[in-house]
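These numbers come from the heavy atoms of this one structure, side chains and all, not from hydrogens, waters or symmetry mates.
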Amino acid sequence: MGQTILLEQAGLCTPPALQPPGGLVPSFCCGAPRTRRNHSPAFPGVADDTASPLAPSKTVPRCAPDSQGRAHSCGGSGCKPAAPCSSTAVPHPSVPGEAGLPIVLLAGPTGVGKTAFAVRLARLLETEIINADSMQVYRFMDIGTAKPGAEERSLVLHHLLDVVNPDEPFDAARYLDLAAPVIESLHGSGKIPVVVGGTGLYMKVLTRGICPAVPGDPAIREQLLCEEREKGLAALHAELLAVDPPSGQRIHPNDRQRVLRALEVFRHTGETLSGSQDRHRFARTLFRAVKIFLVRSREDVYQRIERRVDAMIAQGFVKEVAGLLEMGYGPNLRPMLSLGYKQIAAHLRGETSLDEAVCRIKRETRRYAKRQMTWFRADPEFQWFDAADEESILARIREELAKHKG
RNA sequence: GGAGAGGUUCCCGAGUGGCCAAAGGGAGCAGACUGUAAAUCUGUUGGCGAAGCCUUCGGAGGUUCGAACCCUCCCCUCUCCA
């Protein structure tokens, strides 16, 4: 096994009892998970017909006109193709919607074993993998993002990995712009793409499109930040409440990121974010998907996180972060503020010991895993499977795909 | 052996007679999420419940209408002196 291959995959092919070398849980780690009750993950099993990912969504028009009866603006492409309405508005040639080939979405909390299982699945389906992890799109960030290693990549072609530098802007819309054509191309050759990752929003956007609101505007953003410094966030929230009441009510006054975004949209376009979202509503289906969520018991996931972070350190995570900083990727860049990178950078600045950094990474990773479960729990189309039960998952996927062919 | 300080709800820590199931922080748990999403934010945290009731502030007694808070004894921890 290559060194860069992460523990994630170990659990899939070997009994959980087989611990990786050095997998001892360090006793220094504060806040070790206290699992009071036996969390038994929900396995909703097969979704009912209405919620079935493969059930055609009968009511949704492929490209609904907006309230004014005009086709919404897809960069002038007039909605002919079911193109994602994004900044660049790449018109996608096909109209997948409910008729085209499906995709397989493979999600799960960090460290359940998505990467390895995806490779297996992709080989069985003789297809390719599309990354749906918001951090693995960045170059030079390999160890800390648990990016698939050379071995995995040699077995199956991976897309959307290493597509931008850490100082380039990247967001859900850009993700859609890049991923949709890959899916279409794979569909063109009769393949069913396996989309793997833990970023719920990216998966949602990939299957349902994104609200055609404007992209972020640096000038307006700067102005807003300036006003925030002068008047405070509360004043900006008050303004939002006045200008876009639904958004103002929905967005908590402390949620700086969303308050700023909503105001940014309004100032840029004169249209409210809520209005735009109301028209969008994730109503269309861009790609039908078989949605699989891999789970393990809470204890299990936490233990795997523990081991995985230790393994990252052993593989040279600190060196990786130092290297990024040397390359000139500053500690305030978005990806450098992500899980792990942020804490290691703080350690390199001398703010914390390595032990402390590791401890924090583990804790933040546990929280992240929890948030992922919350996100995917909210989407009933995802069917939850015990990650160790590969056969059931494969059977289920085969069943769905067969149904589709028939 | 002597002197002093202290033992508070999962942890740290405030509280020094009623307004205390007990501030604040941490950790945990739950939730939200449409262009930063590995981000950002919210709620909650003794038990049972509708009010309300029950158990809790090292232990056992006591004072008081009433005690985490006052008194006595005991146990434990820390600091200093021998």
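The listed nucleotides are U40(B), A32(B), C41(B); the one nearest the side chain of His252(A) is C41(B). Each of A37(B), G28(B), A32(B) was ranked by its minimum atom distance to the side chain of Met135(A); first place goes to A37(B). Side-chain proximity of Ala173(A) to G35(B), A37(B), A32(B): nearest is G35(B). Residue Leu273(A) places its side chain closer to G35(B) than to any other of C33(B), C29(B), G35(B). Comparing U36(B), G31(B), A37(B) against the side chain of Arg371(A) picks out G31(B) as the nearest. Residue Tyr138(A) has its side chain nearest to A37(B) when only A37(B), C29(B), C41(B) are considered. The side chain of Asn254(A) sits closest to U42(B) out of A30(B), U36(B), U42(B).
Between C48(B) and A39(B), the distance separating the two C1' atoms is 39 Å to the nearest Å. G46(B) and U36(B) have their P atoms separated by 38 Å, with the value rounded to a whole Å. Using atom C1' as the reference point in both C69(B) and C57(B), the two lie 10 Å apart (nearest Å). If you take atom C1' in C53(B) and the same atom in G7(B), they sit 30 Å apart, rounded to whole Å. Across the P atoms, C11(B) and G4(B) are found 30 Å apart, a figure rounded to whole Å. Look at the C1' atom in both C12(B) and G6(B): the space between them is 15 Å, to the nearest Å. Taking the C1' atom of each, G58(B) and C54(B) are spaced 22 Å apart, rounded to whole Å. A distance of about 23 Å separates the C1' atoms of U34(B) and A30(B), rounded to the whole Å.
We find that CG of Asp177(A) is positioned 10 Å from C1' of G35(B), with the value rounded to whole Å. Distance CZ (Phe282(A)) to C1' (U34(B)): 3 Å, rounded to an integer number of Å. In this structure, the CZ atom of Arg360(A) is 13 Å from the P atom of G28(B), given to the nearest Å. Atom CZ of Arg256(A) is separated from atom P of U36(B) by 12 Å (rounded to the nearest Å). If you measure from atom CD1 of Ile361(A) to atom P of A39(B), you get 12 Å, rounded to the nearest angstrom. Summarising the geometry, the separation between CD on Gln372(A) and C1' on C33(B) is reported as 14 Å, rounded to the nearest angstrom. Atoms CD (Gln257(A)) and C1' (U34(B)) sit 13 Å apart, rounded to a whole Å. Summarising the geometry, the separation between CZ on Arg258(A) and C1' on C33(B) is reported as 4 Å, rounded to the nearest angstrom.
Under 3.5 Å, the side chain of Arg221(A) and the base of U36(B) form at least one donor-acceptor pair of N or O atoms.
The phosphate of G35(B) has neither OP1 nor OP2 within less than 4.0 Å of any side-chain N or O from Tyr175(A). Neither OP1 nor OP2 of A39(B) sits under 4.0 Å from any side-chain N or O of Ser338(A). Side-chain nitrogen and oxygen atoms of Arg363(A) include at least one within less than 4.0 Å of the OP1 or OP2 phosphate oxygen of A27(B). Under 4.0 angstrom from either OP1 or OP2 of G35(B) there lies at least one side-chain N or O belonging to Arg261(A). A sub-4.0 Å separation between OP1 or OP2 of A37(B) and a side-chain N or O of Arg334(A) is present. Residue Arg366(A) places no side-chain N or O under 4.0 Å from the OP1 or OP2 atom of C29(B). For Arg367(A) and A27(B), the shortest distance from a side-chain N or O to OP1 or OP2 is below 4.0 Å. Note on Arg298(A): a side-chain N or O is less than 4.0 Å away from OP1 or OP2 of A30(B).
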Q: Under the ring pair (Phe, Tyr, Trp, His ring centres under 6.0 Å) rule, what do His268(A) and Phe266(A) come out as? Steps first, then yes or no, please.
A: CA-CA 5 Å; His268(A) 191 112; Phe266(A) 179 76; over 10 Å; no
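G52(B): Watson-Crick or G-U partner is C48(B), with both key distances under 3.5 Å. Base pairing analysis places C20(B) opposite nothing; no Watson-Crick or G-U wobble pair with both distances below 3.5 Å involves it. With a cut-off of 3.5 Å on both Watson-Crick or G-U wobble distances, the partner of G61(B) is given as C71(B). Across the strands present, C80(B) finds its partner in G2(B); the criterion is a Watson-Crick or G-U wobble pair with both atom distances under 3.5 angstrom. Nucleotide G43(B): paired with C29(B) (Watson-Crick or G-U wobble, both distances less than 3.5 Å). Across all strands shown, G35(B) forms no Watson-Crick or G-U wobble pair with both key distances under 3.5 Å.
When each of Gly340(A) and Gly216(A) is assigned the nucleotide of RNA chain B with its nearest heavy atom, Gly216(A) is the one assigned upstream, toward the 5' end. Residue Asp278(A) is the one, among Asp255(A) and Asp278(A), whose nearest nucleotide of RNA chain B lies closer to the 5' end (criterion: closest heavy atom).
In this structure, the side chains of Asp310(A) and Lys362(A) come closer than 4.5 Å at one or more pairs of heavy atoms. With contacts defined as side-chain heavy-atom distances shorter than 4.5 Å, the pair Val196(A)/Leu121(A) does not qualify. Using a 4.5 Å cut-off on side-chain heavy atoms (C-beta onward), Ile305(A) and Tyr368(A) make no contact. Side-chain atoms of Pro102(A) and Glu400(A), non-hydrogen and from C-beta on, never get closer than 4.5 Å to each other.
Checked against Glu128(A) for a side-chain contact (heavy atoms from CB on, under 4.5 Å), the options Ile192(A), Leu186(A), Ile183(A), Val194(A) give a single hit: Leu186(A).
For the residue pair Val164(A) and Arg174(A), the shortest heavy atom distance occurs at CG1-NH1, 3.4 Å. Closest of all the heavy-atom pairs between Pro166(A) and Leu324(A) is CG-CD2, 4.0 Å.
For the residue pair Glu320(A) / Tyr341(A), a side-chain donor-acceptor distance below 3.5 Å is found, with atom types taken as modelled.
In this structure, Tyr202(A) reaches the sugar-phosphate backbone alone: every heavy-atom distance under 4.0 Å involves primed, P, OP1 or OP2 atoms, never a base. Using a 4.0 Å heavy-atom distance criterion, Lys204(A) is classed as making no nucleic acid contact.
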